[in-house]
Amino acid sequence: AGHADPALVARHLLSAGREADAAEAFRRAGDRARSVYAHREALDAYRSALGLGHPQPALLHEAIGDLHTLQGEYAAALAAYEAAAALCDADATAGIEHKLGRVHDRRGDPELAELHLLEALRLGGETARLCAAFGMTVLGVDARRTDQPAGVASLHAPGELDSLLPRYVETRVFVAM
């Protein structure tokens with residue numbers, strides 16, 4: 001049964017009235033579909049898992065946001081990431097804020113991108129600092145301003161990004177989109 005189609009398993013579990021098991025099977029189906037770039041199928045499976053009360057809704061909303069981002073559906077991505085941010089624990093919030101910043105930047109709104117990237121930085125922790133530093137430098141959010149936002153100047157000190165980037169690559173803090 002380890003090789004069974006998780007979507008088929010999920011539908012069978014749902015038919016048998018085992019909603020909690022079906023929710024997890026739909027999550028696995030979404031993961032499998034996502035791994036082979038079947039984004040629509042992954043979205044359907046993740047939404048089914050949410051509808052059945054999956055115990056990790058923040059992770060599902062984040063995955064949905066990632067998929068919408070990959071498809072260029074930025075309004076839907078923002079809605080999913082905001083839902084994830086409202087539900088996730090404090091440790092995951094910085095990563096969600098970073099993703100929100102990246103989507104706002106893709107939409108051409110550097111001010112909102114900057115707010116979210118700075119929030120990721122404010123939340124602290126090495127991952128948040130790396131996300132904010134790498135995102136703000138690569139995306140050029142701060143380059144669009146004539147003044148330097150508070151807390152960013154130290155990130156852009158000579159050599160600082162060079163020292164951060166290898167650690168960023170080593171930690172693989174998020175999937176490149």
Side-chain angles (χ1 to χ4, degrees), residues 1-107 113 116-117 120 123 125-135 137-139 164-177:
H3 298 288
D5 176 12
L8 180 61
V9 171
R11 288 190 293 277
H12 283 287
L13 290 168
L14 186 57
S15 294
R18 296 174 52 191
E19 291 186 358
D21 293 331
E24 179 56 23
F26 275 119
R27 187 213 40 90
R28 285 193 312 273
D31 291 348
R32 178 183 273 180
R34 185 178 181 180
S35 74
V36 296
Y37 306 101
H39 297 151
R40 287 288 160 210
E41 290 84 356
L43 285 168
D44 290 343
Y46 289 144
R47 287 183 185 126
S48 293
L50 281 171
L52 291 170
H54 192 278
Q56 297 177 307
L59 292 176
L60 293 171
H61 283 292
E62 182 178 3
I64 289 168
D66 293 345
L67 290 166
H68 282 303
T69 300
L70 287 169
Q71 296 179 126
E73 299 166 348
Y74 299 135
L78 290 172
Y81 287 144
E82 288 167 1
L87 297 168
C88 70
D89 59 32
D91 292 338
T93 304
I96 300 295
E97 287 294 333
H98 180 260
K99 288 180 179 187
L100 284 163
R102 288 181 55 132
V103 172
H104 281 296
D105 188 72
R106 286 178 178 208
R107 292 183 78 191
H116 286 286
L117 292 169
L123 291 170
E126 185 68 8
T127 299
R129 185 168 181 268
L130 291 171
C131 284
F134 185 73
T137 300
V138 171
L139 295 177
L164 287 174
L165 190 55
R167 286 184 285 160
Y168 169 81
V169 172
E170 288 171 15
T171 59
R172 296 182 183 121
V173 293
F174 65 91
V175 175
M177 290 192 258

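For this chain, numbers begin at 1 and follow the sequence in order. Reckoned from all heavy atoms, side chains included, excluding hydrogens, waters and symmetry mates.
- Heavy-atom minimum distance, Y81 versus I96: O-CG2, 3.3 Å.
- No more than 12 heavy atoms of other residues, nucleotides or ligands sit less than 6.0 Å from atom CZ of R18.
- A side chain to side chain contact (heavy atoms under 4.5 Å, CB included) with H39 is found for one member of D66, D44, L67 and no other, namely L67.
- Side-chain contact between R107 and L78: present, with at least one pair of heavy atoms (C-beta onward) separated by less than 4.5 Å.
- Shortest non-hydrogen contact noted between A33 and A42 is CB-N, 3.6 Å.
- Using a 4.5 Å heavy-atom cutoff, the side chains of L87 and H61 are in contact.
- Nearest heavy atom pair, residue A113 against residue D105, reads CB-N, 3.6 Å.
- Using a 4.5 Å heavy-atom cutoff, the side chains of D5 and R32 are in contact.
- The CG atom of L13 sits 9.5 Å away from atom CG of L8, with the distance rounded to the nearest 0.5 Å.
- Residues L100 and E97 have side chains in contact (heavy-atom distance under 4.5 Å, counting atoms from C-beta outward).
- Taking all atoms of both residues into account, the shortest heavy-atom contact from A63 to R34 is CB-NH1, 3.4 Å.
- Applying the salt bridge (charged side-chain N to carboxylate O under 4.0 Å, His left out) criterion to D31, with sequence neighbours excluded, gives R27.
- R11 places none of its side-chain heavy atoms less than 4.5 Å from the side chain of L14.
- Nearest heavy-atom pair across A29 and A7 is CB-N, 3.5 Å.
- Taken to the nearest 0.5 Å, the OG1 atom of T69 stands 10.0 Å off from the CD atom of E62.
- By the side-chain contact (heavy atoms from CB on, under 4.5 Å) test, E73 pairs with R40, H68, Q71, A76, sequence neighbours left out.
- For the pair A45 and G30, the tightest heavy-atom approach, listed with the atom from each and the gap, is CB-N, 3.4 Å.
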